[in-house]
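Below you'll find the structure, written out as structure tokens, and then a few comments.
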Protein chains: 2
Amino acid sequence: MTGTDSVAFPAGTQTLTRGLAVIEAVAAGHRTLTDIAATIGCSRSTTHRLASALVQAGYLRAPSSGGGQTFILGPRLVEMGFLARDTLPVVAVARPHLDALGATTRDTVHLGIREGIEVLYLDKIAGQRGLEMRSRVGKRMPIASTGLGKALMLDLPEAEWRTLYDAALSHPATPNARLPAWPDYRAGLRQSGLAACAFDFEENEPGIRCVAAAIRDATGTVIAAVSVASATVYMSETRMHELAPAVVATAQAISRELGWLPRRRAFA
Amino acid sequence: MTGTDSVAFPAGTQTLTRGLAVIEAVAAGHRTLTDIAATIGCSRSTTHRLASALVQAGYLRAPSSGGGQTFILGPRLVEMGFLARDTLPVVAVARPHLDALGATTRDTVHLGIREGIEVLYLDKIAGQRGLEMRSRVGKRMPIASTGLGKALMLDLPEAEWRTLYDAALSHPATPNARLPAWPDYRAGLRQSGLAACAFDFEENEPGIRCVAAAIRDATGTVIAAVSVASATVYMSETRMHELAPAVVATAQAISRELGWLPRRRAFA
DNA sequence: CCAACATATCCCACTATATGAGATGTCATT
DNA sequence: AATGACATCTCATATAGTGGGATATGTTGG
């Protein structure tokens with residue numbers, strides 16, 4: 001349910017699919033061959049062959065040639081991952097705007113996109129207040145419990161809100177999520193929709209508040225979101241409201257560069 | 001030529017290998033199906049099937065559902081790549097030391113490992129001098145023309161030096177590399193070996209100088225390198241020599257945390 | 001507005017490819 | 001030295017992947 005589903009693969013890709021499963025097994029912390037084999041449900045021979053191919057290609061790495069063989073994610077994944085990040089259209093366009101927002105606010109700035117029921121962090125400008133957030137680029141969090149995610153939800157039908165709200169409550173990454181009761185949560189989201197700006201009052205991480213706004217592409221679809229986050233000390237409710245226009249402006253500037261035209265909506 | 005070789009793959013992985021080839025084709029900038037098919041040498045049908053599977057798995061992304069289909073690297077690669085980076089043993093251990101070195105020197109600090117004839121950047125602490133280097137995490141450069149690379153070469157037999165030197169001269173990433181003539185280059189490297197510290201005088205990038213030292217693991221093998229880099233203005237030859245001890249000390253501190261014992265050498 | 005094209009997507013019979021059971025090799029532990 | 005746990009290799013079998021071609025979809029030019 002976490003996203004590891006794998007049922008509906010186009011036929012004729014078993015080997016590729018299994019190979020990717022090996023990568024994900026290793027990513028999930030399964031180091032040894034036997035362990036990986038058990039995870040992906042293949043014989044040791046098969047798993048060994050796949051893993052070897054992946055090592056050969058640099059997607060996995062098998063340190064300590066002698067002794068107990070263990071696998072870790074390989075260097076080519078680093079290459080591809082960073083390249084992928086910098087190639088995603090939003091990221092390149094957004095970067096300078098995020099930098100600017102970070103410089104103005106001195107707080108941590110995030111960029112994220114929706115991935116199913118989660119938000120994936122794509123960029124992070126570290127704040128200058130000497131406190132580090134747990135967020136990392138490449139990490140996923142439940143949509144409904146982060147400011148970034150809420151900004152991504154605003155355009156969705158309310159039925160989906162409920163799904164995502166429930167998903168956040170039972171999400172492994174946030175076992176002790178403190179979301180408001182559903183009616184209150186929905187009310188908050190509706191109000192955010194009017195302001196085009198979502199707030200997060202320590203719902204995802206205690207002590208951390210944030211202000212977020214959605215980014216749209218040429219078709220008007222919400223494709224990403226920006227947020228400014230900081231410790232509660234630096235984030236009084238008044239400051240959050242003061243910050244809102246700047247965050248929205250940043251989001252709109254990025255949207256405009258992506259071809260979005262303000263005041264126009266897509267009717268597809 | 002660039003490293004796209006693919007001859008010696010363990011049999012029984014054609015599909016996986018081809019799938020990875022699709023990823024690399026996209027990474028190389030081939031967006032359209034036909035283009036990718038031509039690059040990896042498969043029929044359109046086959047390529048389409050592989051690409052679809054990769055999209056499904058999140059390794060590729062196919063924006064603009066209508067119109068000319070194009071592929072870009074997908075979000076799961078971002079996840080895996082950043083995870084891979086943070087999982088590689090050296091990186092986690094080195095990070096605090098790199099931060100410290102960056103804070104002391106105010107210059108750009110790099111961490112890299114060897115990948116064949118190239119060095120792969122794994123971490124970068126941006127300098128505080130307001131100038132940005134072209135280096136990026138996940139990027140590769142020829143070993144012989146970077147300070148980082150030279151530090152990785154010190155332990156290798158001199159025969160290999162020549163290979164790497166030649167490789168750097170004909171490397172696509174550095175078309176106008178200004179390496180010293182071979183005897184001078186070798187002499188420089190020999191001297192670096194004695195000092196356990198490599199210098200780079202604008203050989204890789206004009207206007208950029210750097211000081212680098214090697215990191216060893218428990219077996220005494222060189223597995224990575226650190227470097228401090230800056231514009232020539234901030235990097236007089238005297239400053240480079242003054243910096244050397246700090247860089248070497250950082251490298252040794254990291255090595256020690258990896259189990260390396262100073263003064264001992266491996267005889268394997 | 002329709003014709004002509006380019007490009008993606010789907011289908012299916014054929015066989016090359018991937019499969020897993022085991023046999024062998026390698027290293028730690030007693 | 002003997003055991004066991006695990007990685008690695010081998011090989012006959014059939015299943016999974018292949019590419020030719022037919023269809024669908026969107027794009028260009030007249």
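Reminder, nothing fancy here: chain letters follow the sequence lines and each chain counts from 1. Note that the structure is predicted; figures quoted are calculated from it, not measured.
C:dG25 atom P lies 15 Å from atom NE2 of A:His48, rounded to whole Å. In this structure, CD of B:Gln69 is placed 14 Å from C1' of C:dA6, rounded to the nearest angstrom. Look at CD1 on A:Ile36: it is 13 Å from P on D:dC6, rounded to the nearest Å.
Residues passing the salt bridge (Lys or Arg N to Asp or Glu O under 4.0 Å) test with A:Asp166 are A:Arg162, sequence neighbours excluded. Shown here are the ring-ring contact (aromatic ring centres under 6.0 Å, His included) partners of B:Phe71, two or more places apart in sequence or in another chain: there are none. Shown here are the salt bridge (Lys or Arg N to Asp or Glu O under 4.0 Å) partners of B:Glu257, two or more places apart in sequence or in another chain: there are none. For A:Arg44, there are no salt bridge (Lys or Arg N to Asp or Glu O under 4.0 Å) partners, not counting sequence neighbours. Scored by the ring-ring contact (aromatic ring centres under 6.0 Å, His included) test, B:Phe82 finds A:Phe82 as partners (sequence neighbours excluded). Residues satisfying the salt bridge (Lys or Arg N to Asp or Glu O under 4.0 Å) criterion with A:Arg61, sequence neighbours excluded, are B:Glu115. Not counting sequence neighbours, B:Tyr59 has no partner by the ring-ring contact (aromatic ring centres under 6.0 Å, His included) test.
Residue pairs meeting the salt bridge (charged side-chain N to carboxylate O under 4.0 Å, His left out) criterion with at least one member in residues 86-95 of chain B, sequence neighbours excluded: A:Arg136-B:Asp86, B:Asp86-B:Arg95, B:Arg95-B:Asp123. Applying the side chain to side chain donor-acceptor pair (under 3.5 Å) test to every pair with at least one member in residues 31-42 of chain A, sequence neighbours left out, gives no pairs at all.
Rounded to 10 degrees, the angle between the two end axes of the helix from C:dC1-D:dG30 to C:dT30-D:dA1 is 50°, with five pairs used at each end.
For the segment residues 27-35 of chain B, residues with any heavy atom less than 4.0 angstrom from an atom of DNA chain C are, sorted by number, B:Thr32, B:Leu33, B:Thr34.
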Nucleotide N/O of nucleotides 17-24 of chain D paired with protein N/O under 3.5 Å:
| from | atom 1 | to | atom 2 | distance (Å) |
| --- | --- | --- | --- | --- |
| D:dG17 | OP1 | A:Gln14 | N | 2.7 |
| D:dG17 | OP1 | A:Thr15 | N | 2.6 |
| D:dG17 | OP1 | A:Thr15 | OG1 | 3.1 |
| D:dG17 | OP2 | A:Thr13 | N | 3.1 |
| D:dG17 | OP2 | A:Gln14 | N | 2.9 |
| D:dG17 | O3' | B:Thr15 | OG1 | 3.4 |
| D:dT18 | OP1 | B:Gln14 | OE1 | 3.3 |
| D:dT18 | OP1 | B:Arg18 | NH1 | 2.9 |
| D:dT18 | OP2 | B:Arg49 | NH1 | 3.0 |
| D:dG19 | OP2 | B:Ser43 | OG | 3.2 |
| D:dG19 | OP2 | B:Thr46 | OG1 | 2.3 |
| D:dG20 | O6 | B:Ser45 | OG | 2.8 |
| D:dG21 | O6 | B:Ser45 | OG | 3.3 |

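Looking at B:Glu79 and A:Lys139, no side-chain N of the basic residue comes within less than 4.0 Å of a carboxylate O on the acidic one, giving no salt bridge.
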